[in-house]
Number of protein chains: 2
Amino acid sequence: MATRTRRSQRRTEALSRDRIVEAAVELLDTAGEGGLTFRALTERLATGPGAIYWHVANKDELLDAATDAVVAAALAADSPRAEPSARVESSARAEPSTRGESAEPAESAESAKSPDSPQDKIRAIAFGLFDAMADHPWLPTQLALQLSRSPWGSVTPQIFENIGRQVRALGVPEGHWFTAASALVHYILGAAGQNAANNASARALAPDVDRAEFLDAASQAWEDLDPDDYPFIRAVAAQVREHDDREQFLAGIDLVLTGITALHLSGEQGGTTPSAT
Amino acid sequence: MATRTRRSQRRTEALSRDRIVEAAVELLDTAGEGGLTFRALTERLATGPGAIYWHVANKDELLDAATDAVVAAALAADSPRAEPSARVESSARAEPSTRGESAEPAESAESAKSPDSPQDKIRAIAFGLFDAMADHPWLPTQLALQLSRSPWGSVTPQIFENIGRQVRALGVPEGHWFTAASALVHYILGAAGQNAANNASARALAPDVDRAEFLDAASQAWEDLDPDDYPFIRAVAAQVREHDDREQFLAGIDLVLTGITALHLSGEQGGTTPSAT
DNA sequence: CTCCATGATGGAACGTCGCTCCAGTCATGT
DNA sequence: ACATGACTGGAGCGACGTTCCATCATGGAG
């Protein structure tokens, strides 16, 4: 990689791996998951397959790189040492939500009120990924694929590291680091992904229809399930209809955070089963 | 639907959707994710594409059906008392925990103690899926895909319902049902999937090499990361090397369970300001 | 018993995909 | 000036998912 020699403009601009990945992301954003084709890519970059394959091994690597780039941007947006430039987009959207009201996070740990408590940073990371998935509908699928195919790729460690640092900052004993970080990462990725999938489907099915109508239809479909086979889902359908996405997402994070703090505060000596007290 | 008329044996046995799905599962198991091809399927069933497309709309539906079948089998294995053999294996392997001390020791599957607390049932469901993923390496990917693509498909409600019932049985107030069930489902699917992916990769890279060697290499790769960029991952690499999969998985479940119970116990008693006890 | 509408089948073929091959182009070091 | 090697892009290959359609077996109507 890299001698980065300033080529002349053989075309408008020299081809580079970054340019390819950038084009891939744009293609995914505009044309959907199936829209990323080497043929479409060659046309968009005004080149041939050979040129692309010189910079990228295969399509999987290209998808990984695209995922990596988007995730890195999302994480950098709220990470301490990063450009605050990209921050605006993410946090601006994070604010006008119905967030602060009813969701009173579980601050079972001592003092969770400081502006930059580990809890808050974890929430910031989570919402950064949450928003990135909203901006790039293909991201949840790709993230899930990469997580379940090569967990030690470049993307997973990034997320794991960012979450893990805050877990450490929470005062969790080292023996629980992996468990706590895993629980957080998997919930965040899973819940954010599923939420993004909901929105994506809502948009796909009826681009103009209000989102409420879609949720209405979805929960209606759930309520129409066989009462004998799906009593729980039917019962939950109502609250799914009314829930606010971000609030619900936050509630789940706080649930896991509660578990983390409760576990290591009270149960340093065991008692993993929280059953009857 | 269908009148299920007993056709004669035009071939050895009449073609049916079930037979197709069954063949698809076997094909996935033996040839891997990429091994399921309509051409391979036609050859295996001694038929043509048209016959298959008569029973199945497209490949995605076939994959959904295969996932559905395997998940249903995994979930059904726990609810009624199915094979106790698999159960014993699960809990027996989960037992040599370095952490299980006082609180609730008796996890043996035999009737004793609290025979089937909601917690135990949740663990049983989780390990059922855990084992199913071990048996079918393609399942985690497919499950993740389906979860992030069409969350209201047939598979997700199944899992959600099974977990949800136990959440309800835990005494969680209705307002927290969705949050609690979501946290559990996403952790279980995510963690089990990632673990299965680890095993699958270990097998793929070196079928004969001992699993410990692979974990060694994997955690070594993590330790070789840049200490400045990945301090946390480096720190947990060591414990990843030594961890027992099922134990780690169980620890995460208990963490979420702790969060669930702590949240609703404190939430019911007082306001939202519980100091952990 | 015959006949045919229909459910069901499987072979051929189409369009597109990821990817490879290779002849070519251009900046650069000598 | 020219050989070199990084880099390009067009042609084409094999495989895939899917469609089309001619064909077959069956069971109800006559």
Within the structure shown, what part of the strands sits under 4.0 Å from A:L36 by heavy-atom distance: base, sugar-phosphate, or nothing? sugar-phosphate
For A:T37 and A:A40, indicate whether the former's side chain and the latter's backbone hold a donor-acceptor pair under 3.5 Å. no
Measure the distance from CZ on A:F38 to C1' on D:dG14 and round it to the nearest whole Å. 17 Å
From the list B:Q146, B:Q142, B:Q158, side chain to side chain donor-acceptor pair (under 3.5 Å) partner of B:D68 resolves to B:Q158
Residue A:P49, side-chain atoms from C-beta onward, closest of D:dA11, D:dC16, C:dG18: D:dA11
note: A:R39, atom CZ; D:dC16, atom C1'; distance rounded to Å ~ 12 Å
Considering only heavy side-chain atoms of A:L15, the closest of D:dG17, C:dC19, D:dT8 is D:dT8
Which whole-number value in Å describes the distance from A:K59 NZ to C:dT16 P? 15 Å
Name the closest nucleotide to the A:W54 side chain, picking from D:dT18, D:dC7, C:dC17. D:dC7
Given atom OH of A:Y53 and atom P of D:dG10, what is their separation to the nearest angstrom? 16 Å
In whole angstroms, the gap separating C1' of D:dC16 from CD1 of B:I52 amounts to 14 Å
How many Å lie between CD on A:E33 and P on C:dC17, as a whole number? 15 Å
For C:dT9 and B:H55 - does any side-chain N or O of the residue sit under 4.0 Å from the phosphate oxygens OP1/OP2? yes
Just by distance, with hydrogens left out, do B:Q220 and B:D224 show a side-chain donor and acceptor under 3.5 Å apart? yes
To the nearest angstrom, the CG-P distance between A:L41 and D:dT8 comes to 13 Å
Below 4.0 angstrom, N of the basic side chain to O of the carboxylate: do A:R234 and A:D229 qualify? no
